[in-house]
Amino acid sequence: MKAFEYATALSTDSARELVAPRGLYLAGGNDLLGLLKDYLVSADRLVNIKSLPGLDAIVPGEKSWTIGALVTVAQLEHSPEIQKVFPGLHDAAAEVASPQIRNVATVGGNLAQHSRCWYFRHRDTVCMKKHGDLCYARNGENRYHSLFTGNTCISPVVSSLATVFAALDAAAIVLRAGKETRLSMSELYQRAWDDPLAHNSLNRGDLIVRVEIPAARPRSAYLQASDKHAFDWALVSCAAAADVDGGALKSPRVALGSISPVPHQVEAANQFLDGKVLDDAAASQAADLILKDAKPLEHNAYKVPMAHALIRRTLLKLKGTA
Ligand SMILES: Cc1cc2nc3c(=O)[nH]c(=O)nc-3n(C[C@H](O)[C@H](O)[C@H](O)COP(=O)(O)OP(=O)(O)OC[C@H]3O[C@@H](n4cnc5c(N)ncnc54)[C@H](O)[C@@H]3O)c2cc1C
């Protein structure tokens with residue numbers, strides 16, 4: 001591994017000063033240390049942000065809840081309040097990796113984790129995410145890749161938390177150039193949709209400080225399909241959130257992960273579901289709308305029926321929470 005300095009930041013201001021110009025933030029280290037060891041990223045300095053005060057709390061609120069960027073995935077999984085108020089978030093957290101990883105993985109690091117594309121992760125392959133001019137997955141081994149993309153790279157976003165945060169209409173609050181910037185989940189990944197080099201829309205030095213979740217959708221559900229029951233990312237993940245009024249959905253949102261560089265959401269499907277009393281037919285129609293423009297490749301066409309089934313099951317699970 002290339003040598004680097006190590007510094008511990010005690011305030012968000014010092015974190016931002018210490019990270020400039022060629023440093024990287026170190027939270028749980030689950031993703032970052034592997035990237036460094038495989039020479040996929042480099043930094044002159046790692047800035048340990050785990051001692052930043054006040055970023056490790058889950059704070060309930062009447063209008064919105066705040067999840068600090070240093071809250072661990074295990075904290076989300078084991079919080080009885082989260083399980084009660086945001087069951088979809090609890091279920092997504094409980095599916096991440098393994099208990100050992102969840103104990104150290106942070107919300108900020110989970111959202112900012114890099115592509116899992118095996119061509120990107122192979123240190124000798126110079127793909128488009130590494131300034132190459134070819135997406136090897138596009139005409140190669142693409143079974144884990146996207147059904148939707150805005151550019152040539154087909155690496156999908158794999159953060160399970162991003163999927164459920166998108167359904168809950170949560171926003172990441174990012175310290176950027178000294179100011180707090182609010183990014184919806186779509187905005188947090190928009191650059192990866194547009195630009196093959198990007199994993200997300202964060203600029204170097206941007207610090208996620210918290211996630212804010214509106215309390216407007218008290219029903220939420222999450223399901224994923226994976227090759228393995230544990231210690232694995234999702235092949236497809238799906239989250240749905242809504243309020244329920246007299247049995248009918250109010251302000252529903254559905255989001256999918258691992259099929260696009262951004263959490264995949266289709267406004268027409270959300271509108272279609274609004275005011276509906278859910279049944280199999282409505283859930284199936286919503287799934288049709290969400291997957292209408294999918295562009296499967298040679299090895300990932302199985303994701304279309306898998307996503308369709310997950311959308312239906314997640315919506316029916318959501319109904320069950322009402
Ligand atoms: C076998 C395995 C299975 C996994 N399965 C899943 C899964 O199913 N679902 C899932 O979502 N994840 C999964 N993961 C990924 C894991 O959850 C992430 O690697 C972890 O959450 C990263 O968090 P961290 O705190 O360790 O981040 P780090 O490794 O410390 O950081 C990751 C990246 O985020 C940046 N960063 C960290 N904190 C901030 C911040 N506050 N602001 C800005 N940038 C920041 C770092 O600089 C780095 O680039 C899996 C991992 C493994 C090894």
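Just so you know, ligand 1 is whichever comes first in the structure, and atom 1 is the first atom listed for that ligand.
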Quiz prompt | L207 neighbourhood, listing ligand 1 atoms whose heavy-atom distance to it stays under 4.0 Å | solution = 40 (C), 41 (N), 42 (N)
Exercise. Under 4.0 Å from a heavy atom of H114: give me the atoms of ligand 1 that qualify, with their elements.
Key: 49 (O)
Quiz item: Between G28 and ligand 1, does any nitrogen or oxygen pair lie at a separation below 3.5 Å?
Solution: yes
Self-check item: Selection from E95, Q113, K228, Q100 by shortest heavy-atom distance to atom 12 (N) of ligand 1
Solution: Q113
Exercise. For atom 20 (C) of ligand 1, find the nearest protein heavy atom and state the residue, atom name and distance (0.1 Å precision).
Key: A105 CB, 3.6 Å
Practice problem: Look at atom 44 (N) of ligand 1 and find which of A172, A112, S258 reaches it with the closest heavy atom. | Solution: A112
Practice problem: Look at atom 26 (O) of ligand 1 and find which of V158, D232, L175, N30 reaches it with the closest heavy atom. | Solution: N30
Exercise. Identify whether the distance between the nearest side-chain nitrogen and carboxylate oxygen of R143 and E141 falls below 4.0 Å.
Key: yes
Practice problem: Kindly state whether the ring of Y144 and the ring of W118 have centres lying under 6.0 angstrom apart. | Solution: yes
Practice problem: To the nearest 0.5 angstrom, please state how far the NZ atom of K130 sits from the CZ atom of R123. | Solution: 10.0 Å
Quiz item: Could you go step by step and tell me if L202 and V174 meet the side-chain contact (heavy atoms from CB on, under 4.5 Å) rule?
Solution: CA-CA 8 Å; L202 296 175; V174 174; 4.0 Å; yes
Quiz item: What protein heavy atom sits nearest atom 37 (C) of ligand 1, and how far off is it?
Solution: G109 CA, 3.5 Å
Quiz item: Of I208, V174, L111, which has the heavy atom at the shortest distance from atom 42 (N) of ligand 1?
Solution: I208
Self-check item: Residue, atom name and distance, where the atom is the protein heavy atom closest to atom 17 (O) of ligand 1
Solution: N110 ND2, 3.2 Å
Exercise. Taking only heavy atoms of D31 into account, list the atoms of ligand 1 that are under 4.0 Å away from them.
Key: 19 (O), 29 (O), 32 (C)
Quiz item: Do any nitrogen or oxygen atoms of G29 come within less than 3.5 Å of a nitrogen or oxygen of ligand 1?
Solution: yes
Practice problem: For atom 1 (C) of ligand 1, grab the closest protein heavy atom and report residue, atom and distance to one decimal in Å. | Solution: F231 O, 3.6 Å
Quiz item: What protein heavy atom sits nearest atom 46 (C) of ligand 1, and how far away is it?
Solution: Y25 O, 3.1 Å
Quiz item: Do we see a donor-acceptor contact under 3.5 Å between the side chains of R22 and S42?
Solution: yes
Exercise. Check side-chain hydrogen bond (donor to acceptor under 3.5 Å, both in side chains) between Q285 and all other residues, then give those that pass, not counting sequence neighbours.
Key: none
Self-check item: Nearest-contact summary for atom 14 (N) of ligand 1 - protein heavy atom, Å
Solution: W233 NE1, 3.2 Å
Practice problem: Check whether the side chains of S186 and Q265 place a donor and an acceptor atom closer than 3.5 Å, and report yes or no. | Solution: yes
Exercise. Taking K319 for its side chain and L278 for its backbone only, find out whether a donor-acceptor pair lies under 3.5 Å.
Key: yes
Quiz item: Who gets closest to atom 53 (C) of ligand 1 by heavy atom: T163, L161, I101?
Solution: I101
Quiz item: Are R102 and ligand 1 in contact, using a heavy-atom cut-off of under 4.0 Å?
Solution: no
Quiz item: Would you say Q224 and ligand 1 have an N/O pair spaced under 3.5 Å apart?
Solution: no
Quiz item: Can you tell which of Q224, K228, H229 makes a side-chain hydrogen bond (donor to acceptor under 3.5 Å, both in side chains) with S226?
Solution: Q224
Practice problem: Please lay out, stage by stage, how D56 and K50 fare under the test salt bridge (Lys or Arg N to Asp or Glu O under 4.0 Å). | Solution: CA-CA 9 Å; D56 59 354; K50 286 190 295 290; over 6 Å; no
Practice problem: Compute the shortest N/O to N/O distance between A27 and ligand 1 and return yes if it is under 3.5 Å, no if not. | Solution: yes
Exercise. Enumerate the atoms of ligand 1 whose separation from the nearest heavy atom of L32 is less than 4.0 angstrom.
Key: 29 (O)
Practice problem: Assert yes or no for the condition that the ring centre distance of Y222 to H90 is strictly below 6.0 Å. | Solution: no
Self-check item: side-chain contact (heavy atoms from CB on, under 4.5 Å) between R313 and L318, worked out
Solution: CA-CA 8 Å; R313 288 182 198 172; L318 180 79; over 6 Å; no
Exercise. Heavy-atom contacts with D206 under 4.0 Å: which atoms of ligand 1 show up? List them by number with element.
Key: 43 (C)
Quiz item: What residue and atom, counting heavy atoms only, is the protein's closest point to atom 9 (N) of ligand 1, and at what distance?
Solution: S160 OG, 2.7 Å
Exercise. Considering non-hydrogen atoms only, spot the tightest contact between S159 and L111 and give its length.
Key: OG-CD2, 3.8 Å
Quiz prompt | Atoms in ligand 1 flagged as close to A97, the criterion being non-hydrogen separation under 4.0 Å | solution = 2 (C), 3 (C), 4 (C), 5 (N), 6 (C), 7 (C), 8 (O), 50 (C)
Quiz prompt | Salt-bridge present (D31, R121; N to O < 4.0 Å) | solution = yes
Self-check item: Under 3.5 Å: N/O of S159 near N/O of ligand 1
Solution: no
